[in-house]
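Here is the structure we will look at.
Only heavy atoms go into these numbers, but all of them, side chains included; no hydrogens, no water, no symmetry mates. Naming: A, B, ... by sequence-line order, numbering from 1 per chain. It should be emphasised that the depicted structure is a prediction, and the values quoted were computed from it without experimental measurement.
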There are 2 protein chains.
Amino acid sequence: MTSPPPGLRERKKRATREALREAALRLAVEHGPDRVRVEDIAEAAGVSPRTYNNYFASREQAIVSAVTADREAGIAAAVAARGAGVRLADAVTEAVVEQYTHTGERAQRALLLITARTALRDAFLDATADIEPPLTEVIADRLRDAAGAHTARVLAASAAAAVRVALEGWLRPPEGAEAAGGLGAGGLVVTSGSLPDQLREALAPLAPAFDAAERRTRR
Amino acid sequence: MTSPPPGLRERKKRATREALREAALRLAVEHGPDRVRVEDIAEAAGVSPRTYNNYFASREQAIVSAVTADREAGIAAAVAARGAGVRLADAVTEAVVEQYTHTGERAQRALLLITARTALRDAFLDATADIEPPLTEVIADRLRDAAGAHTARVLAASAAAAVRVALEGWLRPPEGAEAAGGLGAGGLVVTSGSLPDQLREALAPLAPAFDAAERRTRR
DNA sequence: CAGGAAAAATGCGCGCACGCAAGTTTACGT
DNA sequence: ACGTAAACTTGCGTGCGCGCATTTTTCCTG
């Protein structure tokens, strides 16, 4: 899988990235997200501002990364942990729920801060796309037939998209009815259930697709 | 459907946006995408640079928008055109294929330019998410039951994600095209499979999900 | 254990995104 | 018809993203 020698070079790189994550989140919590500049983050991490955005494309990305990194790192294992015994759709769903609810104290506090600022919310939502690669890998691992690779890619992308929809609905309580569509005021804006429920509800419509893909590999 | 008076204010707004689109694409084709500044686009459209990014968040977005606007405008009609007689999954698939292949000459030429520059390619891929709202509307139009709204949202998001995967695979390997000197030094992007095939292949795994949702509405 | 190539970090500079506080235009009520 | 409020545009200033050229660090090979 990974390279047997982690590479000394690669380790420092990861250390720097982690330092930037940590610094970004800490400073954001300390002084408020708007009161922190890239220069401050870079200084706290011991690198130049120019180096900073060799790692992160935007200021928001660095802050959010501290929260999302764990999930994109653990989602694959969480799916794999639920072995071949359970339905693939259930494995993915429960793995997602686990990764987004069984979260540390620090992440929970950071989320509270993220949901307040629009720019950070958007960055957080965009970050959900980062679970797609690891998801693709584990799904492809269970779809061994010829077209499995392509199918896994699509299913992973769809699952990530569904998660995004769930998260959007979850942190959207304070919003007027200014949807893009014309007669979009179609009544029930019931939303704002618990996050696990939102996730399960969003992933449920995709279950038949997962089932079909999984069924094809058995024959 | 829409507001009976289009609104005089709204008309000027759309005209300005269209002018910016047109100017951005024209200048990009004329002088090359890197040789055009926001100031030039704004001047060509008759507005100030500051006004420019009240309409577009990035320079690339404006250029790409000239190509993608038609699709996000027509995708809903394309699905609706295929009436309730055909399977929802097929309607969506064929509508997507139609929108991304039956394209004008100008768009085709612009695409050639977009695929060359990495920044424009990324912007183009990101723009596929814009078909999600109209898709949500038409799908919800055919899913009339209670949970149809949520399901439509997830299915639309998944379909958009699948389209993105297809497009990624389509314009994948532009390696060694580092001849930025002359005009039209065009290295033809070698594609793996025709675009319609890629789209159909990517959307196919989602068909069972569409079927299940559609089947639920009939009883 | 050197020497040299590849890769990352840094300094510098330019153009862009966006907040803020005017000025200007459109829409609507009495 | 006129005045007022809301929306859109504009000028200005600041911080940021990133390309380019240079210096420093890391890794490999003879």
Side-chain angles (χ1 to χ4, degrees), chain A residues 3-20 23-24 27-28 31-65 116-123 126 176 178, chain B residues 2-20 23-24 27-28 31-65 116-123 126 177-181:
Chain A
S3 51
L8 193 153
R9 199 190 196 104
E10 190 66 20
R11 242 184 296 172
K12 275 198 79 172
K13 202 166 182 177
R14 291 194 181 274
T16 301
R17 163 169 281 121
E18 183 58 31
L20 284 171
L27 293 179
H31 307 105
D34 301 335
R35 297 288 182 185
V36 55
R37 299 171 303 173
V38 182
E39 186 183 340
D40 305 329
I41 301 176
E43 186 186 357
V47 295
S48 79
R50 181 62 185 85
T51 298
Y52 163 86
N53 55 334
N54 286 353
Y55 287 88
F56 296 101
S58 74
R59 202 174 82 267
E60 292 77 16
Q61 218 173 76
I63 300 175
V64 161
S65 163
R117 311 283 174 176
T118 310
L120 288 180
R121 278 196 328 207
D122 294 343
D126 287 347
E178 289 304 321
Chain B
T2 58
S3 52
L8 194 152
R9 201 188 195 101
E10 190 67 19
R11 243 183 296 170
K12 276 196 78 171
K13 201 167 183 177
R14 290 193 183 275
T16 301
R17 163 170 280 121
E18 183 58 30
L20 284 170
L27 292 179
H31 306 105
D34 302 334
R35 297 289 181 187
V36 54
R37 297 171 306 171
V38 186
E39 186 183 342
D40 304 329
I41 301 177
E43 186 186 358
V47 296
S48 79
R50 181 61 185 86
T51 298
Y52 163 86
N53 52 340
N54 286 353
Y55 287 87
F56 296 101
S58 75
R59 201 174 83 266
E60 292 77 17
Q61 216 172 81
I63 301 175
V64 162
S65 162
R117 311 283 176 178
T118 310
L120 289 179
R121 279 196 327 208
D122 293 344
D126 287 347
E178 292 304 320

Can you tell me how far [atom2] of [N] sits from [atom1] of [X], to the nearest Å?
{"X": "A/Arg59", "N": "D/dT14", "atom1": "CZ", "atom2": "C1'", "value": "12 Å"}
{"X": "A/Tyr52", "N": "C/dG11", "atom1": "OH", "atom2": "C1'", "value": "19 Å"}
{"X": "B/Gln61", "N": "C/dC18", "atom1": "CD", "atom2": "C1'", "value": "14 Å"}
{"X": "A/Arg35", "N": "D/dT14", "atom1": "CZ", "atom2": "C1'", "value": "14 Å"}
{"X": "B/Asn53", "N": "D/dC8", "atom1": "CG", "atom2": "C1'", "value": "14 Å"}
{"X": "A/Glu39", "N": "C/dG11", "atom1": "CD", "atom2": "C1'", "value": "14 Å"}
{"X": "B/Asn54", "N": "D/dA7", "atom1": "CG", "atom2": "C1'", "value": "11 Å"}
{"X": "A/Asp34", "N": "D/dG15", "atom1": "CG", "atom2": "P", "value": "13 Å"}

Inset, instruction - Measure from the side chain of B/Ser58, starting at C-beta and using heavy atoms only, and say which of C/dA17, D/dC16, D/dT10 lies closest. - result: C/dA17
Legend entry - Phosphate OP1/OP2 of C/dA8: any A/Lys12 side-chain N/O under 4.0 Å: no
Inset, instruction - State whether B/Thr51 places a side-chain N or O below 4.0 Å from either non-bridging phosphate oxygen (OP1 or OP2) of D/dT9. - result: no
Inset, instruction - Would you classify B/Tyr55 as touching base, sugar-phosphate or nothing, given that sugar-phosphate means primed atoms plus P, OP1 and OP2, and contacts are heavy atoms under 4.0 Å? - result: sugar-phosphate
Legend entry - Candidate pair A/Leu20 and A/Val47, rule side-chain contact (heavy atoms from CB on, under 4.5 Å), full reasoning: CA-CA 9 Å; A/Leu20 284 171; A/Val47 295; 4.1 Å; yes
Inset, instruction - First locate atom CG of B/Asp126, then atom CD of B/Gln61, and finally report the distance between them rounded to the nearest 0.5 Å. - result: 8.5 Å
Legend entry - Quiz item: A/Arg50 side-chain donor-acceptor pair to D/dG19 base, under 3.5 Å: yes
Inset, instruction - Kindly indicate whether the side chain of A/Ile41, heavy atoms from C-beta on, has any atom under 4.5 Å from the side chain of A/Arg59. - result: yes
Legend entry - side-chain contact (heavy atoms from CB on, under 4.5 Å) between A/Tyr52 and A/Glu39, intermediate numbers included: CA-CA 9 Å; A/Tyr52 163 86; A/Glu39 186 183 340; over 6 Å; no
